[in-house]
Amino acid sequence: MNYFSSDFKLGILGGGQLGKMLLFDTRKFDIQTYVLDPSDEAPCKIACDQFFKGDLMDFETVYNFGKKVDVLTFEIELVNLEALVKLEEEGLKVFPSPKTLKLIQNKGIQKDFYIQHAIPTANYKSFDNLKSLIVDILDSKTKLPFVWKCTEFGYDGNGVKVIRQISDLDNLANVECIAEEMVPFKNELAVIVCRNPSGEIKTYPVVEMEFHPEANQVEYVICPARIDDKVAEKARAIALTVSEKFNHVGLLAVEMFQTEDDEILVNEVAPRPHNSGHYSIEASYTSQFENHLRAILDLPLGNTDSKVAGIMVNLVGSEGFSGNVVYENIEKILGWNGVTPHIYGKKQTRPFRKMGHVTIVNEDIIEARKIAEDVKNTIRVIS
Ligand code: ADP
């Protein structure tokens, strides 16, 4: 199929920042794109060929959108799965596959998949609802502390809570959940794997993620991770296995824990471009977005090596500010070497909302980390 400067249409479900960054590459290649998103202010709107407003969870809307395009992908997992299954049955290429998405959309099913395929992961127990979990705790079958996770519709840590005492369960939704062993980890790592339908497969270097202690959102992503080479090799090997077991097409971001004794445990995966790979736009030979595109179109994959060390700082809304966004001191950081802000295009800020990110590249990772901290302390997302 001729994708370039042709009638070919790539459909993208979701019009957020991930889609917007993917569109830099569709434009680079002159590939036509259609985007579906519920918001009039979707970041993708300015860069796609045609924008459709609609509910991503609605069967008819997703199905009808799929009928307009030649290949369908998504930048968010919360999409109507039945529509994707039907579209695939009718011959549309949907990547990543709805089968993979089904395994991933539910954290309990995802964990079961790791166990079935001997992929190392933290021990867990599944419950139909909160009430049955409480019964299990009262029967001393589930021991405190543990990590509670709702199996569906959690996002950026909001469906996750550390339970140290039974009262920590107060006010949690009475929904299907898992109770997972607390992992005493020294690092949170991630590896992005890309794989095309022909089976060509590559991994990006291991990155290290530093989290904001309250918001449970990634604050810094550091590439390469400052860990032992052997641990890094192990993490890449496990990530490759995960992608192969899913028979995945496109990008798969594999989030992992490095335990105190250097074991690697898979936490969860995201079947799409990922926050942990944004550094690749400036620091890698081929960005994660370009490789996602290459992978889903069954084109040869690009080089995943880094040219320089890269650090990403998330730009989230400062606490105490809601309303029309202002990026305070953005001019100042633009004056520093190797510093590139990305502004997603959301007009309204609110506390902890992901509004953009800044990439810092430098030959020296220690220097990059220092600049990243200066960036973090200088730019503020206010209203
Ligand atoms: P989300 O899907 O919302 O990103 P995660 O499962 O990644 O949720 O959990 C969010 C964060 O909670 C993780 O990045 C980690 O810091 C912490 N966490 C999750 N599971 C565990 C665990 N088993 N032990 C310790 N910390 C955990």
Side-chain angles (χ1 to χ4, degrees), residues 14 16-18 74-79 100-101 103-115 119-127 133 137 142-165 168-169 172-173 175-192 206-222 225 227 235 238-239 242 251-278 312 314 316 352-354 357:
Q17 63 262 21
L18 299 174
F74 47 85
E75 58 113 53
I76 179 165
E77 287 107 292
L78 296 179
V79 294
T100 313
L101 188 58
L103 292 169
I104 289 170
Q105 268 184 343
N106 179 298
K107 282 194 182 184
I109 297 176
Q110 194 184 135
K111 293 282 287 187
D112 295 344
F113 182 85
Y114 299 143
I115 300 299
I119 291 160
T121 192
N123 290 327
Y124 66 102
K125 228 171 146 179
S126 303
F127 297 93
L133 166 61
I137 299 169
T142 293
K143 304 256 183 296
L144 300 165
F146 63 84
V147 184
W148 169 90
K149 298 184 180 185
C150 68
T151 55
E152 285 184 350
F153 308 120
Y155 223 73
D156 285 334
N158 67 14
V160 175
K161 191 173 180 197
V162 175
I163 307 298
R164 297 185 194 281
Q165 53 206 25
D168 291 339
L169 292 164
L172 290 181
V175 292
E176 194 186 90
C177 59
I178 61 171
E180 191 176 279
E181 208 169 77
M182 285 265 290
V183 178
F185 57 81
K186 52 181 178 194
N187 274 311
E188 294 200 51
L189 308 174
V191 174
I192 292 178
V206 184
V207 303
E208 193 184 324
M209 298 183 289
E210 279 186 39
F211 278 74
H212 186 284
E214 281 162 54
N216 240 336
Q217 279 184 341
V218 181
E219 213 170 12
Y220 300 104
V221 172
I222 302 168
I227 56 171
I238 289 174
V242 176
L251 291 190
L252 188 72
V254 184
E255 294 182 29
M256 294 173 273
F257 299 120
Q258 177 189 3
T259 66
E260 295 293 351
D261 38 11
D262 285 342
E263 285 308 307
I264 297 291
L265 299 176
V266 172
N267 176 27
E268 61 169 1
V269 297
R272 52 171 168 76
H274 193 246
N275 196 257
S276 67
H278 291 351
M312 186 215 59
N314 264 334
V316 299
F352 302 116
R353 186 174 193 202
K354 276 188 196 164
H357 72 263

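Atoms within a ligand are numbered from 1 in the order they appear, just like the ligands themselves.
Pro120 and Ile238 get closest at one heavy-atom pair: CG-CD1, 3.8 Å.
Between the side chains of Gln17 and His357, not a single donor N or O lies within less than 3.5 Å of an accepting N or O. Looking only at atom types and distance, the side chain of Tyr114 has no donor-acceptor partner in the side chain of Asn267 under 3.5 Å away.
Taking every non-hydrogen atom of Val183 and a distance limit under 4.0 Å, the qualifying atoms of ligand 1 come out as 22 (C), 23 (N), 24 (N), 25 (C). The distance from ligand 1 to the heavy atoms of Lys107 drops below 4.0 Å at these ligand atoms: 1 (P), 2 (O), 5 (P), 6 (O), 8 (O). For ligand 1, the atoms sitting less than 4.0 Å from at least one non-hydrogen atom of Met182 are 24 (N), numbered in the order shown with element in parentheses. Listed by atom number, the atoms of ligand 1 under 4.0 Å from Phe211 heavy atoms are 14 (O). Numbered from 1 in the order shown, with element, the atoms of ligand 1 that lie under 4.0 Å from a heavy atom of Glu180 read 20 (N), 21 (C), 22 (C), 23 (N). With ligand atoms numbered from 1 in the order given, ligand 1 contributes 7 (O) to contacts under 4.0 Å with heavy atoms of Glu255.
Which of Glu77, Glu268, Glu188 comes nearest to atom 2 (O) of ligand 1 through a heavy atom is settled by distance: it is Glu268.
Judged by the shortest distance from any of its heavy atoms, Met209 lies outside the 4.0 Å radius around the atoms of ligand 1. Assignment of Phe185 to the shell around ligand 1 is supported, since a heavy atom sits closer than 4.0 Å. Using a non-hydrogen distance threshold of 4.0 Å, Phe146 does not register as a contact of ligand 1.
Not counting sequence neighbours, the partners of Asp262 by the salt bridge (Lys or Arg N to Asp or Glu O under 4.0 Å) test are Lys186. When the ring pair (Phe, Tyr, Trp, His ring centres under 6.0 Å) test is applied to Tyr220, no partner is found at least two apart in sequence or on another chain.
Contacts of Val147 with ligand 1, taken as heavy-atom pairs under 4.0 Å, involve the side chain alone. At a heavy-atom cutoff of 4.0 Å, ligand 1 is contacted by no atom of Val162, backbone or side chain.
Using a 4.0 Å cut-off between charged side-chain N and carboxylate O, Lys111 and Glu180 make a salt bridge. Classification of Glu77 and Arg272 as a salt-bridged pair holds, one side-chain N sitting under 4.0 Å from a carboxylate O.
Proximity of Leu169 to Leu172: side-chain heavy atoms (C-beta onward) are separated by under 4.5 Å at one or more points.
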